[in-house]
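Notes to accompany the following structure.
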Amino acid sequence: MGADPSPLPPDPRRDWSRLDAAARDAAYDNNAAVPDAAAQAAARNAASAAYRAAHAGALDIPYGDAPGTALDLYPAKSPAAPCLVFIHGGYWQRNSRDLFACFAQGPAAAGWSVAMPGHTLAPEASLTRIVDEIGRALDWLAAHGPAHGIAGPLVLAGWSAGAHLAAMQLAHPAVTAGLAISGVYELGPIRDTGLNRALSLTDAEVAGLSPLRLPVVGKPLAIAYGTAERPALVHDARAFHALRSARHAPGPLIPIAGAEHFSILNDLRRPGGALVRAAIDLIEGKQA
């Protein structure tokens with residue numbers, strides 16, 4: 001953790017109006033930017049299936065009526081242990097919580113509980129509804145978590161689109177702190193890409209669901225990114241941290257050297273990884 005020694009890559013959005021559709025799509029295409037993205041995802045999915053099979057005691061617990069609105073819980077030995085609430089990514093329209101179960105390993109090794117909420121995917125749900133569903137999952141954890149052995153402070157974490165959702169729900173009263181990994185915090189350019197075919201973002205959503213346009217939440221928030229990420233994501237992370245720092249909101253900026261959009265999560269899965277340490281520091285009050 002610490003300052004990013006690498007030069008800041010140019011932000012393609014500076015000349016956004018001059019870019020054609022393909023170039024705009026490429027600015028947010030994490031799969032195309034990582035040659036072995038498919039292999040990494042396949043390995044992740046296999047490891048997650050094995051982890052769920054070995055920890056099957058509290059899976060698929062509904063918090064809402066829609067099919068995707070369920071939680072997987074991995075309680076620690078102590079109900080008072082902190083709990084990492086991890087929201088998966090996929091640009092709000094792909095993936096599911098079960099495919100990310102293996103990333104409970106790092107926090108679990110530190111003695112933490114882990115909760116993984118799912119949500120309805122776009123286009124079935126609008127982004128407004130998806131943000132609301134994560135809030136409902138947090139409501140459920142506050143009310144029912146203790147009955148499932150999860151009664152400690154909640155650190156709301158997310159990766160990619162999940163980092164956006166974590167930032168949007170940082171103010172939830174059940175949340176103590178947040179960890180946003182490789183997120184998108186400005187939605188305006190997203191509307192100009194093929195991602196918007198499923199999202200159909202409205203003017204109100206761009207204005208009201210872009211963390212970079214909203215009042216700063218004063219709770220601690222660690223913002224992490226890989227130095228080999230797409231430049232748009234690097235700039236979003238740095239801009240979001242700068243905005244929060246200007247308002248004296250606590251939480252470090254965490255560049256993970258050499259990590260790209262997928263490998264960055266190795267630092268959450270690995271016991272003692274940088275993202276596990278960041279979560280611990282948020283609870284222990286050591287955040288910058």
Side-chain angles (χ1 to χ4, degrees), residues 1-14 23 25-48 51 84 86-91 94-95 99-110 155 157-164 166-167 178-186 221-242 244-245 251-282 286-288:
M1 290 183 282
D4 183 354
S6 61
L8 184 63
D11 189 342
R13 298 168 300 186
R14 291 186 60 184
D25 286 349
Y28 289 94
D29 193 339
N30 297 303
N31 287 297
V34 179
D36 67 341
Q40 288 195 55
R44 175 201 70 200
N45 295 351
S48 292
Y51 193 87
L84 189 81
F86 180 83
I87 310 167
H88 71 80
Y91 279 128
R94 297 189 294 270
N95 294 327
L99 302 179
F100 292 80
C102 66
F103 299 112
Q105 289 177 298
V155 174
W159 166 76
S160 197
H164 165 269
L179 172 60
I181 307 163
S182 302
V184 174
Y185 309 113
E186 168 56 56
L221 176 67
I223 301 171
Y225 68 95
T227 62
E229 300 251 22
R230 291 278 76 198
L233 272 63
V234 173
H235 279 269
D236 265 20
R238 290 187 173 189
F240 193 27
H241 182 262
R244 288 179 49 80
S245 294
L253 181 67
I254 306 174
I256 304 296
E260 28 77 358
H261 194 66
F262 303 97
S263 64
I264 191 171
L265 285 179
N266 293 335
D267 272 286
L268 185 63
R269 182 180 178 187
R270 183 174 62 250
L275 297 178
V276 177
R277 297 198 309 272
I280 293 170
D281 287 348
L282 288 167
K286 297 179 182 178
Q287 68 277 356

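In this structure, OG1 in T227 is found 12.0 Å from CG in L8, a value given to the nearest 0.5 Å. Separation of atoms NE2 (H241) and CG (L221) is listed at 8.5 Å; rounding is to 0.5 Å. The distance from atom CD1 of I264 to atom CD1 of I256, rounded to the nearest 0.5 Å, is 5.5 Å. The distance from the CH2 atom of W159 to the CZ atom of F86 is 7.5 Å, given to the nearest 0.5 Å.
Of all heavy-atom pairs spanning A33 and R230, the tightest one is CB-NE, 3.4 Å. Looking at every heavy atom in both residues, A279 comes nearest to L179 through CB-CD2, 4.4 Å. Taking all atoms of both residues into account, the shortest heavy-atom contact from A232 to A27 is CB-O, 3.9 Å. In this structure, Q40 and S263 approach most closely via the heavy-atom pair OE1-N, 3.3 Å. Of all heavy-atom pairs between A278 and I254, the closest is CB-CD1, 3.4 Å. Between G90 and N95, the closest heavy-atom pair is CA-ND2, 3.7 Å.
Among S182, P9, P255, the single residue meeting the side chain to side chain contact (heavy atoms under 4.5 Å, CB included) criterion with E229 is S182. Each of I181, L84, N266 was checked for a side chain to side chain contact (heavy atoms under 4.5 Å, CB included) with L275, and the lone residue meeting it is I181.
Between L282 and I280 there is no side-chain heavy-atom pair separated by less than 4.5 Å. Within the 4.5 Å cutoff, the side chain of S160 has no heavy atoms near those of the V184 side chain.
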Subject >> Full working for side chain to side chain contact (heavy atoms under 4.5 Å, CB included) between N30 and E260 >> reply: CA-CA 9 Å; N30 297 303; E260 28 77 358; over 6 Å; no

Subject >> Verdict with reasoning, N31 to F262, per side chain to side chain contact (heavy atoms under 4.5 Å, CB included) >> reply: CA-CA 9 Å; N31 287 297; F262 303 97; 3.4 Å; yes

**OP:** Give the intermediate values and the outcome of side chain to side chain contact (heavy atoms under 4.5 Å, CB included) for residues H88 and L99.
**Re:** CA-CA 8 Å; H88 71 80; L99 302 179; over 6 Å; no

Subject >> Intermediate values then yes/no, side-chain hydrogen bond (donor to acceptor under 3.5 Å, both in side chains), D236 and Y225 >> reply: CA-CA 9 Å; D236 265 20; Y225 68 95; over 6 Å; no

**OP:** Using the side chain to side chain contact (heavy atoms under 4.5 Å, CB included) rule, take L265 and R44 through it: C-alpha gap first, then chi angles, then the decisive distance, then the call.
**Re:** CA-CA 10 Å; L265 285 179; R44 175 201 70 200; 5.7 Å; no

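Under the 30°/60° scheme for interplanar angles, the aromatic rings of Y28 and Y91 are found to stand perpendicular.
Side chain of H235 to backbone of P12: no donor-acceptor contact under 3.5 angstrom is found. Of the possible donor and acceptor atoms, one in the side chain of S48 sits under 3.5 Å from a partner among the backbone N and O of C102.
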